[in-house]
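These notes concern the structure reproduced below.
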Amino acid sequence: MATQSLHLHSSSPHHLHHPKLQYFPSNSQSLKWVCLKTNHSFAALKMIKKLSIFAIDGRTSSAEIKRKVVKKKLGVFVSGGGSNFRAIHQGIIDGDVNGEVVVLVTNKPDCGGALYAKENGIPVVVFPKVKDASVGVSTEDLVASLRSFEVDYVLLAGYLKLIPVELIQEYPRNVFNIHPSLLPAFGGKGFYGMKVHRAVIASGARYSGPTIHHVDEKYDTGRILAQKVVPVYSDDTAEKLAERVLHEEHKLYAEVAIALCEDRVIWREDGVPLIQSEENPNIYR
Ligand SMILES: Nc1nc2c(c(=O)[nH]1)N[C@@H](CN(C=O)c1ccc(C(=O)N[C@@H](CCC(=O)O)C(=O)O)cc1)CN2
Ligand SMILES: NCC(=O)N[C@@H]1O[C@H](COP(=O)([O-])[O-])[C@@H](O)[C@H]1O
């Protein structure tokens with residue numbers, strides 16, 4: 001593979017024109033890093049700015065480069081089995097998600113997600129306090145705890161309690177949730193777990209699917225970031241539909257986690273979050 005030096009030019013005030021930052025792409029996939037001469041490469045420039053100045057011996061792939069970027073710290077909230085949490089964690093283990101789960105928060109300290117966290121050495125925080133028990137933290141202590149873990153993003157994954165406004169104010173654009181229907185349909189207070197799928201089937205809807213959205217003060221009213229359509233069949237039970245939707249949830253949340261950890265979630269002027277394409281930074285969805 002021919003090697004080429006990377007001369008960085010940006011209209012940003014932080015010119016990154018460093019003759020010593022030589023990047024020798026080792027495969028065609030890395031070529032996108034070469035000739036960053038337009039504003040659209042600013043995301044890539046930010047990525048590179050985080051890298052130390054280092055010589056690349058020509059064997060380093062862009063995936064290895066990504067791994068040298070500082071990992072994002074994730075705080076995951078669960079109330080049940082935690083299969084979405086495990087899907088995100090598997091994405092980290094596989095090297096696809098450039099992050100780490102630094103804390104698991106739950107209102108059910110014995111749930112499957114909490115047990116998985118303990119088995120994997122991930123600290124568990126109980127919120128809100130369990131009734132009539134000393135276990136659990138206050139809202140103030142929860143926020144302080146997330147800050148102490150230096151959490152960058154809060155990901156709700158089957159968490160069944162209302163996130164307090166104090167946390168949302170502390171993390172104004174950094175809390176996301178997955179819901180098992182195509183919001184705004186079948187969302188809000190009372191719509192969680194199998195209740196959602198039963199309502200979808202009872203309505204006669206022909207399509208359902210997961211939604212990942214920004215979290216605001218109310219249940220399921222935050223702006224939508226990502227969705228995937230799943231067919232609803234005439235003979236579907238709530239359990240069969242739940243299984244079909246959950247399969248797509250795992251893929252969608254891993255995709256969103258990858259984008260978040262690569263700073264590829266961009267906010268439109270009207271407040272809608274978009275995912276910037278990894279292949280072409282001019283494309284958003
Ligand atoms: N501030 C926010 N908090 C939470 C949101 C949100 O969008 N904003 N999303 C929920 C997750 N969720 C749907 O995606 C959801 C979870 C739970 C409920 C609900 O009605 N809960 C019951 C209590 C259930 C229980 O304790 O077992 C209730 O509040 O009466 C609706 C939607 C997470 N938090
Ligand atoms: N309204 C919130 C809600 O219903 N969330 C849903 O709870 C399930 C948790 O499964 P998991 O614990 O295996 O990830 C998921 O289907 C998620 O969409």
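For ligands, and for the atoms within them, numbers begin at 1 and follow the listed sequence.
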Check your understanding: Looking only at atom types and distance, does a side-chain atom of Arg268 sit under 3.5 Å from a main-chain N or O of Leu274, one as donor and one as acceptor?
Key -> no
Practice item. Not counting sequence neighbours, list each pair that qualifies as a salt bridge (Lys or Arg N to Asp or Glu O under 4.0 Å) and has a residue in residues 161-182. Key: Arg147-Glu170
Check your understanding: CD1 of Ile178 to CD1 of Ile88: how many Å apart, nearest 0.5 Å?
Key -> 7.5 Å
Practice item. Evaluate side chain to side chain contact (heavy atoms under 4.5 Å, CB included) for Leu167 paired with Phe77, printing each intermediate quantity in order. Key: CA-CA 13 Å; Leu167 197 162; Phe77 286 48; 3.9 Å; yes
Point to revise | Enumerated ligand 2 atoms positioned under 4.0 Å from heavy atoms of Tyr192 | key: 1 (N), 4 (O)
Practice item. Could I get the full list of ring pair (Phe, Tyr, Trp, His ring centres under 6.0 Å) partners for Tyr171, not counting sequence neighbours? Key: none
Review point. Hey, which atoms in ligand 2 end up nearer than 4.0 Å to a heavy atom of Asn84?
Key: 14 (O), 15 (C)
Point to revise | Under 4.0 Å from ligand 1, counting heavy atoms only: the protein residues, by chain and number | key: Leu156, Tyr159, Leu160, Lys161, Leu162, Ile163, Ile168, Asn177, Ile178, His179, Gly188, Lys189, Gly190, Phe191, Tyr192, His213, Val215, Asp216, Glu217, Lys218, Tyr219, Asp220
Review point. In ligand 2, which numbered atoms sit nearer than 4.0 Å to a non-hydrogen atom of Phe191?
Key: 1 (N)
Practice item. Indicate yes or no for a side-chain donor-acceptor contact from Ser277 to the backbone of Ile283 under 3.5 Å, with no hydrogens or angles considered. Key: no
Check your understanding: Looking at Gly193, which atoms of ligand 2 are within less than 4.0 Å of one of its heavy atoms?
Key -> 3 (C), 4 (O)
Review point. In terms of atom number and element, which parts of ligand 2 are under 4.0 angstrom from non-hydrogen atoms of Leu246?
Key: 16 (O)
**Study point:** Those atoms of ligand 2 less than 4.0 Å from some heavy atom in Glu249
**Key:** 15 (C), 16 (O), 17 (C), 18 (O)
**Study point:** Proximal ligand 2 atoms for Gly158, defined as those under 4.0 Å from one of its heavy atoms
**Key:** 5 (N), 7 (O), 9 (C)
**Study point:** Rounded distance (nearest 0.5 Å) linking atom CG of Leu115 with atom CG of Leu104
**Key:** 10.0 Å
Practice item. Report the nearest protein non-hydrogen atom to atom 13 (O) of ligand 2: residue, atom name, distance rounded to 0.1 Å. Key: Ser83 OG, 2.5 Å
**Study point:** His197 side-chain N/O to Glu243 backbone N/O, donor-acceptor pair under 3.5 Å
**Key:** no
Review point. Contact between Gly113 and ligand 2, counting heavy atoms under 4.0 Å?
Key: no
Review point. Judged by non-hydrogen atoms, does Val196 sit under 4.0 Å from ligand 2?
Key: no
Check your understanding: When you measure from the side chain of His214 to the backbone N and O of Pro172, does any donor-acceptor pair fall under 3.5 Å?
Key -> yes
Study note, to complete from the structure: protein heavy-atom neighbour closest to atom 12 (O) of ligand 2 works out as Gly82 N, 2.8 Å
Which pairs would a plain distance check flag for residues 222-230, meaning a side-chain donor or acceptor within less than 3.5 Å of a matching protein atom at least two apart in sequence or in another chain?
residue	atom	partner	partner atom	Å
Arg223	NH1	Asp270	O	2.4
Gln227	NE2	Leu183	O	3.0
Gln227	NE2	Thr211	OG1	2.9
Lys228	NZ	Glu248	OE1	3.1

Check your understanding: With atoms numbered from 1 as shown, which atoms in ligand 2 lie under 4.0 angstrom from a non-hydrogen atom of Gly81?
Key -> 12 (O)
Revision key, fill the gap. shortest atom 3 (C) of ligand 2-to-protein heavy-atom contact is with Pro180 CD, 3.6 Å
Point to revise | Sidechain-backbone polar pair: Asn177 side chain, His213 backbone, donor-acceptor under 3.5 Å | key: no
Exercise for review: Say whether, by atom type as modelled, one donor and one acceptor occur between the side chain of Asn98 and the main chain of Glu262 under 3.5 angstrom.
Suggested key: no
